[in-house]
Amino acid sequence: MKSKIIDLIAANVDALTKDEISELIEIPPKPELGDYAFPCFRLAKAMRKAPQMIAADIKAAIDESSDASFIDEIQVQGAYLNFFIKKEIFVKSMVDAAFDDNFGASDMGDGQTICIDYSSPNVAKNFHVGHLRTTIIGNSLYKIYSKLGYKVVRINHLGDWGTQFGKLIVAYKAWGDEETVKKDGVGELMKLYVKFHEEAEKKPELNDEARAWFAKMEQGDEEALKIWQWFKDISLIEYKRTYDLLGMDFDYYLGESFYRDKTDDIVKRITDAGLLKDSEGAKIVDLEEYNMAPCLILKNDGSSIYATRDLAAIFYRKETYNFVKCLYVTGQEQKLHFAQVFKVVELLGNDWAKDELIHIPYGLVSLEGAKLSTRSGNIIYAEDILLEAISKIKEIIEEKNPDIPDKDETAKKIGVGAVLFNDLYNQRIKDVSFKWEKLLNFDGETGPYVQYTYARCASIIRKLDGYTPSKEVDYSVLTDVDSMELLKEVSRFPKVILDAAEKYEPSVVARFAVDVAQAFNKFYNANRINVEEENIRNARASLVYITKKTIKDALLLLGIECPEQM
Ligand code: ARG
């Protein structure tokens, strides 16, 4: 419908291109203002005429036009042209679009690859709530870009290299034992790491030992690498448990260690470009001209660091995947790090770095008033949060609806969904707080609320004998305000996905899901579905069907599954 209106305006306005018209067209906030609105302010400038007069002229011209048969009425209100589309035609176009299996999908990304670097926990450390955010946001961006036809490469850039592993080896050899590490996994490795720091306060020479072990790792020493690999395997088992709970996966686990033999090349590139500078024994790239602290490339003992490995990863990824974009989802505290690294890539003669390398920061997690079971001290494991959400939901199910099938599976979908939704509902840069009462509420702007609306749609359709979803319905049935408003909400889906992708902002999809759920509940309160008259029943049932399907697809873009009953 929008493109038909664009055509009509374009045929009667010379001063704007179709793309410009398309950008100006608005969806009015209230139904009284029509289905689409076109503001004439921009034209007033170009045509040196009052916008109201221009609006009136365009209306007159369109009223004459035979292509305007789908329009019921055009009203001029101030500088706006408000278009009222013939309701049945409008309903049909929206129902047709939403019925499509690929509703919301696009081929704009065909043949193009996007790399997303996310989750990326640090080996031998726990998978804590901060890493939960990058995992959830990264996964949603993966789904969103895939929906738009891009090939998305999901990369887990594990923090699995660096001097900390030298420390850990020293600690393990001094105070650890195989049995305890096998039994307690990452928890024990973290204890050993803490112990190292306590002891090194008293005995600073431990730091030299640690450096020596890391040097051995860098030189490929078999014993050092064997212990390191073991720590890594243990950590991955725990991380994968969390990924399984979340139903998420990666294409590659290529951690920092993967790039250890690729950093020499980086140093060479920087040297050849004349950018490598000495600074108190270390090697840096000076970024003063760009108002940034220098990017450290080699420490004074000659070892590479986090940034060096990130530089190597960028060139490796560009060569291997030929990405059109590479996204990095991390907390905002890494803003400077990525700005420095991206700048160095650009200074090495790669102009593409400016548009193609993108840091996607997010806010902190706070645990407002929530009592969380923690395994030790204040360290909040992501896994514990998810398990606690699932068990709380299980309690609610046992109390309210103990007869539904697949109780455990349902509790998992709702519990995990609630945590994900809570994370994704607000703009990612905002802080996220965990308040159980809020996040697990079946009312309000929550995952369970949207899932509940889905289950309600599913139940309505289950109870309709002999209804098969069809888009051939009596469109006049769906011309009441509530049905139209619901249809209009649902129809926003393709645009919502584009917006979310453009802004790297899953919250756009989360908010859409709530809007659709709310519009549905209004529609449902106003309209009985299982009525005698078959044309009414079928038309309303089809509206329920497309609502259900769209909610499901929207939540899938957030990584959330919908139970059929709850
Ligand atoms: N391991 C890092 C951390 O936990 C995140 C890595 C992000 N990705 C990257 N290519 N630097 O903070």
Side-chain angles (χ1 to χ4, degrees), residues 114-142 152-165 167-168 186 189-190 193 228 231-232 235-236 238-240 242-243 246 248 250-260 262-263 266 292 295-297 304-321 323 325-346 350 353 356-365 379-383 423 428 504:
I114 292 188
C115 293
I116 311 187
D117 173 320
Y118 64 108
S119 197
S120 313
N122 296 319
V123 162
K125 297 244 171 73
N126 72 324
F127 193 105
H128 60 77
V129 287
H131 284 118
L132 194 54
R133 289 216 70 193
T134 151
T135 310
I136 293 173
I137 296 168
N139 179 69
S140 177
L141 293 175
Y142 150 65
V152 182
V153 182
R154 298 165 295 174
I155 304 171
N156 198 323
H157 189 80
L158 293 168
D160 64 355
W161 204 249
T163 37
Q164 69 271 29
F165 293 99
K167 296 177 182 173
L168 210 51
V186 169
L189 295 180
M190 296 218 309
Y193 194 67
W228 164 78
F231 292 165
K232 189 170 156 178
S235 308
L236 271 173
E238 296 200 12
Y239 304 156
K240 285 191 176 160
T242 303
Y243 296 139
L246 291 165
M248 295 178 191
F250 294 87
D251 298 304
Y252 300 102
Y253 286 86
L254 287 182
E256 291 184 47
S257 66
F258 178 74
Y259 302 98
R260 63 186 192 261
K262 298 176 179 58
T263 52
I266 294 303
M292 279 187 261
C295 184
L296 184 59
I297 304 294
S304 66
I305 63 151
Y306 185 51
T308 333
R309 294 187 283 275
D310 255 329
L311 287 165
I314 290 172
F315 290 107
Y316 173 81
R317 289 172 190 169
K318 188 70 184 168
E319 278 149 31
T320 310
Y321 311 114
F323 57 74
K325 270 182 193 173
C326 183
L327 315 181
Y328 294 81
V329 188
T330 80
Q332 30 186 345
E333 68 284 353
Q334 296 199 35
K335 202 171 161 200
L336 175 62
H337 162 76
F338 285 109
Q340 291 169 317
V341 166
F342 298 169
K343 196 67 189 177
V344 173
V345 177
E346 189 193 323
N350 304 290
E356 298 185 3
L357 300 174
I358 297 155
H359 179 219
I360 299 180
Y362 54 80
L364 299 171
V365 181
I379 302 147
I380 312 294
Y381 284 70
E383 189 182 13
D423 193 306
R428 63 181 150 71
Y504 313 107

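Treat the numbers as computed from the prediction; the structure is a model and nothing was measured. All ligand and atom numbering here is 1-based and tracks the order in the structure. For this chain, numbers begin at 1 and follow the sequence in order.
- Any N or O atom pair closer than 3.5 Å counts here, and N122 shares at least one such pair with ligand 1.
- You'll find the ring centres of Y328 and F342 inside the 6.0 Å limit.
- Any N or O atom pair closer than 3.5 Å counts here, and E256 shares no such pair with ligand 1.
- Exactly one of Y362, Y243, F250 qualifies for a ring-ring contact (aromatic ring centres under 6.0 Å, His included) with Y118. That residue is F250.
- Annotation: cation-pi geometry not satisfied between K232 and Y253 (NZ/CZ under 6.0 angstrom from ring centroid, within 45° of ring axis).
- Using a 4.5 Å heavy-atom cutoff, the side chains of I155 and R317 are in contact.
- In terms of protein heavy atoms, atom 4 (O) of ligand 1 is closest to H131 NE2, 2.7 Å.
- Any N or O atom pair closer than 3.5 Å counts here, and D310 shares at least one such pair with ligand 1.
- Not a single heavy atom of R309 sits less than 4.0 Å from an atom of ligand 1.
- For atom 8 (N) of ligand 1, the closest non-hydrogen atom on the protein side is D117 OD1, 2.9 Å.
- Evaluated by nearest non-hydrogen atom to atom 6 (C) of ligand 1, the leading choice among Y306, F127, F338, Y328 is Y306.
- Note on ring orientation: taking the six-membered ring where Trp is involved, the planes of Y316 and F258 are perpendicular (angle over 60°, cut-offs 30° and 60°).
- Look at Q334 and you'll find a heavy atom under 4.0 Å from some atom of ligand 1.
- Around atom OH of Y252, no more than 12 heavy atoms belonging to other residues, nucleotides or ligands sit under 6.0 Å away.
- For ligand 1 and T330, the ligand atoms under 4.0 Å from any heavy atom of the residue are 7 (C).
- H131 is not listed as a side-chain neighbour of K125, based on a closest heavy-atom distance of 4.5 Å or more.
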